*Asks:* 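A single structure is presented below for examination.
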Amino acid sequence: MNLKKAASPAALPWLVAAAFFMENLDGTVIVTALPQMAKAFGVAPVAMSIGVSAYVLTLAVLIPASGWVADRFGARRVFAAAIVLFTLASVLCGLSTDLASFTAARVLQGAAGAMMVPVGRLVVLRNTPKPQLMRAIATITWPGLAAPVLGPPVGGFITTHWSWHWIFFLNVPLGLLGLVAALLLIPKGHAETRRPFDVGGFVFTSGACLALMAAVELLSHGGEGLAAAACAVAALVLGVLAVRHARGHPYPMVDLWALRLPSFAVTVYGGSMFRIAIGAVPFLLPLMFQLGFGLNAFEAGLLVLAVFAGNIAMKPLTGPVLRRFSFRQVLLFNGLINAAAIFSCALMSPTTPVPVIAAVLFVSGLARSMQFTALATLAFAEVPQPRMSGANTLFNTLQQMALGMGIAIGALALRLGAWLLGGEGAPGSALALNEFRIAFVTIGVLAVLPLFDVRRLAGDAGDEVRRPLARSSG
């Protein structure tokens, strides 16, 4: 299909942004409802992390196939079908009666999300000149960045005043509106590319992702160390096979060419560690406010809104900052602020004044927004248009994998805290609060590690995007 002719250039970024918002909102909207859902399912609250992880992991596993599916069946048809499937899966989530059925429904949701967003993002990338790339990426990325922060208060409000089931039932009208918009904005088209489906690449890549997440999940839920080690070894072996296969296949499922560019490589390696860290924070904060501070779901969600306020405040400043300073300078300095904000969360207690908590979370939101947008822009700044599709698939796959790992690593950090302290504390106890402190210190250390990767970035990296932007604004 000729994607360049298939979409409305003016309206498409907003349609993709809305899809990003819906997809990412469902990744964290259940966080504040986890204690209530755990009670309904008869499991421990930390065990509910699999319902969050399964959703994001499925996105990472199936995103590599999204480009082939769109080429084979047409973007309009795939996008519309994905919205229908996403809405149906939301209904099944709301009707779940145990953790197993809920997790299965979340996997179905993730499968729909994997087909829903990457196709639209690729259309935007292919139709956007480099000088306008940062603005286009900000449009389609920012709602997805805000959704994980809005998720906890929205989920908390629904859980406190209605029931957790309505978190998913409310997706029905949103899905119907999205379906209508997709049918109106994306014209019919026919596939032109008939490249073969890379079965080996899909099996190796998906298997590596599943094995890696299984290893982390087993550890975070106190599973057997031998089983976790076996999954880790399987992930390593499958990962090596996936890389070798991609390098030798004429039509690889995951094209690794863009990793030759230092600017893209930094956003993959160090950027993945950063996304793991920020993926853990929206998972840990609402739980700490409920289980460590003794707040209800809605109160916990309201506090997390301070992060969203920081996201909003940073949005108009992102362009001027990146025009004034290089990507290397921004990523280093802003990365330090982000890590410091995460470490500060470990110092919070029920006696900490609310304005102080809000200020820390606001700064965290500022740094989170800047780092996310800078990484997403730098990733494609030096990628030539003929290679944009492969780079987009690789970037989306690793981004979703990192976010899924963030949730699992957050649960693992909590498990580490309980192990170091000799057991899990009761909700509202000092022991429970100390578990979260250890978890935030662990995540803070993880947020520092990407800075060593950013240091090897050239000072002029990404200037192809930054300098035209500066000239156009001057």
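The shown structure was predicted, so the numbers you read here are calculated from the model rather than taken from an experiment.
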*Asks:* Taking the six-membered ring where the residue is Trp, are the ring centres of Phe102 and Phe168 under 6.0 Å apart?
*Replies:* yes

*Asks:* So, do Val172 and Thr87 sit near enough that their side-chain heavy atoms are less than 4.5 Å apart?
*Replies:* yes

*Asks:* For Ser349 and Arg437, work out which heavy atoms get closest and say how close.
*Replies:* CB-NH2, 3.5 Å

*Asks:* To the closest 0.5 Å, what do you measure between CG (Leu416) and CG (Leu412)?
*Replies:* 7.0 Å

*Asks:* Under 6.0 Å between ring centres, would you say that holds for Trp164 and Phe41?
*Replies:* yes

*Asks:* Show the nearest heavy-atom pair for residues Met253 and Pro64, with the distance to one decimal.
*Replies:* SD-O, 3.0 Å

*Asks:* Do Phe169 and Leu95 touch side chain to side chain, with heavy atoms closer than 4.5 Å?
*Replies:* yes

*Asks:* Who passes side chain to side chain donor-acceptor pair (under 3.5 Å) against Thr58, sequence neighbours left out?
*Replies:* none

*Asks:* Taking all heavy atoms of Leu331 and all of Leu378, pick out the closest pair and write down the distance.
*Replies:* CD1-CD2, 4.0 Å

*Asks:* Which heavy atom of Ser369 sits nearest a heavy atom of Asn311, and at what distance?
*Replies:* CB-OD1, 3.6 Å

*Asks:* If you measure from CE on Met348 to CG on Leu361, what distance do you get to the nearest 0.5 Å?
*Replies:* 4.5 Å

*Asks:* Working note: Val383 + Phe395, criterion side chain to side chain contact (heavy atoms under 4.5 Å, CB included); need CA distance, chi angles, decisive distance, verdict.
*Replies:* CA-CA 12 Å; Val383 177; Phe395 183 83; over 6 Å; no

*Asks:* Is the closest side-chain heavy-atom distance between Leu285 and Phe440 below 4.5 Å?
*Replies:* yes

*Asks:* Assign the ring pair Trp162 / Trp166 to parallel, tilted or perpendicular, where the plane angle (0 to 90°) is split at 30° and 60°.
*Replies:* perpendicular

*Asks:* Can you name the salt bridge (Lys or Arg N to Asp or Glu O under 4.0 Å) partners of Asp198, sequence neighbours left out?
*Replies:* none

*Asks:* With side chain to side chain contact (heavy atoms under 4.5 Å, CB included) as the test, would you mind laying out the steps for Tyr269 and Phe264 before giving the verdict?
*Replies:* CA-CA 9 Å; Tyr269 301 129; Phe264 187 89; over 6 Å; no

*Asks:* Set out, in order, the CA-CA distance, both residues' side-chain angles and the distance that settles side chain to side chain contact (heavy atoms under 4.5 Å, CB included) for Leu375 and Arg275, then state yes or no.
*Replies:* CA-CA 10 Å; Leu375 284 170; Arg275 294 182 192 96; 4.0 Å; yes

*Asks:* Return the set of residues passing side chain to side chain donor-acceptor pair (under 3.5 Å) with Gln109 (not counting sequence neighbours), or none when no residue passes.
*Replies:* Asp26, Ser90, Arg106

*Asks:* With no hydrogens and no angle check, is any side-chain donor or acceptor of Ser66 less than 3.5 Å from a backbone partner on Leu62?
*Replies:* no

*Asks:* How far does CG of Leu88 sit from CD1 of Ile83, to the nearest 0.5 angstrom?
*Replies:* 14.0 Å

*Asks:* Is a side-chain N or O of Asn334 found less than 3.5 angstrom from the main chain of Ala367, in a donor-acceptor match?
*Replies:* yes

*Asks:* Side chain to side chain contact (heavy atoms under 4.5 Å, CB included) for Leu259 and Leu394? Distances and angles first, verdict last.
*Replies:* CA-CA 9 Å; Leu259 289 174; Leu394 177 59; 4.0 Å; yes

*Asks:* How long is the gap from CZ on Phe289 to CG on Leu284, to the nearest 0.5 Å?
*Replies:* 10.5 Å

*Asks:* In terms of heavy-atom contacts, does CZ of Phe197 have more than 12 from other residues, nucleotides or ligands at under 6.0 Å?
*Replies:* yes

*Asks:* For Leu212 versus Ala235, what's the shortest heavy-atom pair and its separation?
*Replies:* N-CB, 3.5 Å

*Asks:* Compare all side-chain heavy atoms of Phe293 with those of Ile357 and state whether any distance is below 4.5 angstrom.
*Replies:* yes

*Asks:* For a quick test of reading the model, state the closest non-hydrogen atom pair linking Gly270 to Pro450 and the distance between them.
*Replies:* O-CB, 3.2 Å

*Asks:* Supply the atom-to-atom distance Leu449 CG to Ser272 OG, rounded to the nearest 0.5 angstrom.
*Replies:* 12.5 Å

*Asks:* At what distance, to the nearest 0.5 angstrom, does CG of Leu317 lie from CE of Met370?
*Replies:* 7.0 Å

